[in-house]
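Worksheet for the structure shown next.
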Amino acid sequence: MADRTRFLSRSRTVAGPTWSRWLVPPAALSVHLAIGQAYAWSVFKPPLESSLGLSGTQSALPFQLGIVMLGLSAAFGGTLVERNGPRWAMFVSMACFSSGFLLSALGVATSQYWLVVLGYGVVGGIGLGIGYISPVSTLIKWFPDRPGMATGIAIMGFGGGALIASPWSAQMLASFGATTGGIATTFLVHGVVYAVFMSMGVLLVRVPPEGWTPKGWRPAENRTRALITTADVSARNAIRTPQFYCLWVVLCCNVTAGIGILEKAAPMISDFFAGTTLAVAAGAAAGFVALLSLANMAGRFVWSSTSDLIGRKNMYRVYLGVGALLYLVIALWGDGSKPLFIVAALGILSFYGGGFATVPAYLKDLFGTFQVGAIHGRLLTAWSTAGVLGPLIVNAIADAQKAAGRSGPDLYTTSLFIMIGLLAVGFLANELIRPVHDKYHERPVADRLTPVAEKGQAL
């Protein structure tokens, strides 16, 4: 009885017969657009460095720690999200993400930077991870006919959150000032506004009734490709399968390749054309970064929706195979044509975003819907790994080449070929993915309620 009265409980979020499933994507978007602010952290780096006397490495720490905590909290909290439902998960995400900003505001106001690291990096990072996976299994259950499109809508919000947060944050810093007081006020406003915005998702989200399916759709109709299963695999069993680790490698390689360009975009395009008639000004380089963000966001919806038509394995063949070709184009001919460089980079970033949005549907195809959110959380440790590898590869090699006296495209050529190699590894891992063996499948619900006899013993 107590469970029925708790607002955040799963039982209180079961949709009524007249509920429209199209209200769930906006609920997911309200969370993902908010936590997507993480990609706009760079706006705060210069004022924090000047007001608190920080180095570039120190000012990057809250963001880096936030991404690490995203992967860890998603991995360890995925089972709790499945058990308690999306409303509970969205509330926890809202509480942590907003509290992280409030702690950061206190830290800046008192010149205690460790509070900013704790608030934004640890507490806010937990909100990032729980919020990122909070709507995934719910969307897949509401849209079994179009899982790629549904998850693409939500995860598109994470990619596009910075497009809202960057100018908004910059405007507040200009209004309040780039001093400790102004930064603290900006953090405070962020915490309050994001709490209100994310609460829309908490109030709006619903789960479908047991056994619900879209009108006119039958599961058998969707078994047009061998990888799509009607069985279920638990999160505990999923991490024992070779399919999980193959997909982990696929995601890690795809994200490493994409984030390598994203993190170094502005200096990369400037270096590629420095000293030529095609030189890129600082303002144009910033515009290039904005274009990459748009490609990242658009790819999450366009390519994940396309995967519903051509299949998840084929879609990753495009991400990894065509992505490797685009890197090759940049390495061999990128410095001779600015439009060619830009188009190739936009394609790579669209595949980067698409890979994030398509992977939940790929997991659903392989492991079913039983604990897909928890499995997704565990798989996101690939993102945490890639978030370290990608920037490390590009920056370390560029620094070494610069120290050796090289300049221009030579700073990045080695990195580009490493990315091609990583994408080739990911392509091979994707080819190795096969349907999950029956021994990992959960028994049907009716069978789970029936005791299993010991060998040689009648029931």
Side-chain angles (χ1 to χ4, degrees), residues 3 9-11 13 68-90 92-93 125-126 128-141 144 147 151 207-208 210-211 219 226-252 255 312-313 356 358-386 429-430 432-455:
D3 182 64
S9 68
R10 176 181 285 274
S11 63
T13 61
V68 170
M69 291 304 299
L70 185 158
L72 292 177
S73 61
F76 291 104
T79 303
L80 288 174
V81 172
E82 288 286 348
R83 182 185 305 149
N84 297 321
R87 178 175 287 172
W88 174 87
M90 288 180 177
V92 170
S93 174
I126 293 171
L128 285 176
I130 299 298
Y132 192 88
I133 63 174
S134 63
V136 169
S137 66
T138 303
L139 283 165
I140 287 175
K141 289 169 184 174
T151 55
V207 296
E210 188 70 31
L227 282 179
I228 298 179
T229 183
T230 56
D232 287 311
V233 180
S234 68
R236 176 180 295 181
N237 280 336
I239 61 174
R240 299 172 181 171
T241 66
Q243 287 83 354
F244 177 88
Y245 293 99
C246 283
L247 197 50
W248 193 98
V249 171
V250 166
L251 183 63
C252 186
V255 173
R312 253 57 78 173
K313 190 168 187 174
F356 279 120
T358 307
V359 80
Y362 209 161
L363 290 171
K364 178 259 182 189
D365 290 350
L366 291 169
F367 302 111
T369 61
F370 176 47
Q371 290 188 335
V372 67
I375 300 170
H376 184 217
R378 287 159 172 77
L379 192 74
L380 288 180
T381 53
W383 184 3
S384 296
T385 303
N430 185 54
L432 294 175
I433 294 177
R434 299 288 186 270
V436 175
H437 194 280
D438 292 354
K439 68 181 181 180
Y440 296 109
H441 291 168
E442 291 291 298
R443 289 183 297 150
V445 175
D447 292 349
R448 290 178 221 162
L449 301 177
T450 304
V452 178
E454 297 290 336
K455 187 175 181 179

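- Closest of all the heavy-atom pairs between Ser134 and Val81 is CA-CG1, 4.1 Å.
- Evaluation of the side chain to side chain contact (heavy atoms under 4.5 Å, CB included) rule for Ala374 yields Thr79, Glu82, Ala235, Gln371, Arg378 as partners, not counting sequence neighbours.
- Scanning all heavy atoms of the two residues, the minimum distance from Gly125 to Ser73 falls at O-OG, 3.7 Å.
- Thr381 is linked by a side-chain hydrogen bond (donor to acceptor under 3.5 Å, both in side chains) to Trp248, counting only residues two or more places apart in sequence or in another chain.
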Let me check something: any side-chain donor-acceptor pairs from residues 238-246 under 3.5 Å, sequence neighbours excluded? List them with distances.
from, atom 1, to, atom 2, distance (Å)
Arg240, NH1, Asn237, OD1, 3.1
Thr241, OG1, Ala238, O, 2.6
Thr241, OG1, Phe244, N, 3.3
Gln243, NE2, Arg434, O, 2.9
Gln243, NE2, Pro435, O, 3.0
Tyr245, OH, Ile239, O, 2.7

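- From Tyr440, atom OH reaches atom CZ of Arg236 across 14.5 Å, with rounding to the nearest 0.5 Å.
- In this view, Thr369 and Ile140, Lys141, Asp232, Lys364 satisfy the side chain to side chain contact (heavy atoms under 4.5 Å, CB included) rule, not counting sequence neighbours.
- You'll find the side chain of Arg10 stays beyond 4.5 Å of the side chain of Asn84, heavy atoms only.
- Across every non-hydrogen atom of His376 and Leu363, the tightest pair is CA-CD1, 3.5 Å.
- Residues Trp88 and Leu80 meet the side-chain proximity criterion, which asks for heavy atoms closer than 4.5 Å.
- How far CG of Leu70 is from CD1 of Ile130: 9.5 Å, rounded to the nearest 0.5 Å.
- Closest of all the heavy-atom pairs between Ile133 and Gly78 is CD1-CA, 3.6 Å.
- Thr229 is not listed as a side-chain neighbour of Val436, based on a closest heavy-atom distance of 4.5 Å or more.
- Remark: Phe356 pairs with Tyr352, Trp383 by the ring pair (Phe, Tyr, Trp, His ring centres under 6.0 Å) rule, at least two apart or across chains.
- Residues meeting the side chain to side chain contact (heavy atoms under 4.5 Å, CB included) test with Val68, sequence neighbours left out: Leu72.
- We find the CG-OG distance between Leu128 and Ser93 to be 7.5 Å, quoted to the nearest 0.5 Å.
- Among all heavy-atom pairs drawn from Pro147 and Pro144, the shortest one is CD-O, 3.5 Å.
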| request: For Glu442 and Val233, run side chain to side chain contact (heavy atoms under 4.5 Å, CB included): C-alpha distance rounded to whole Å, both residues' side-chain angles, the deciding distance at 0.1 Å, then the answer. | output: CA-CA 6 Å; Glu442 291 291 298; Val233 180; 5.8 Å; no
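- Considering every non-hydrogen atom in both Leu247 and Leu379, the closest pair reads C-CD1, 4.0 Å.
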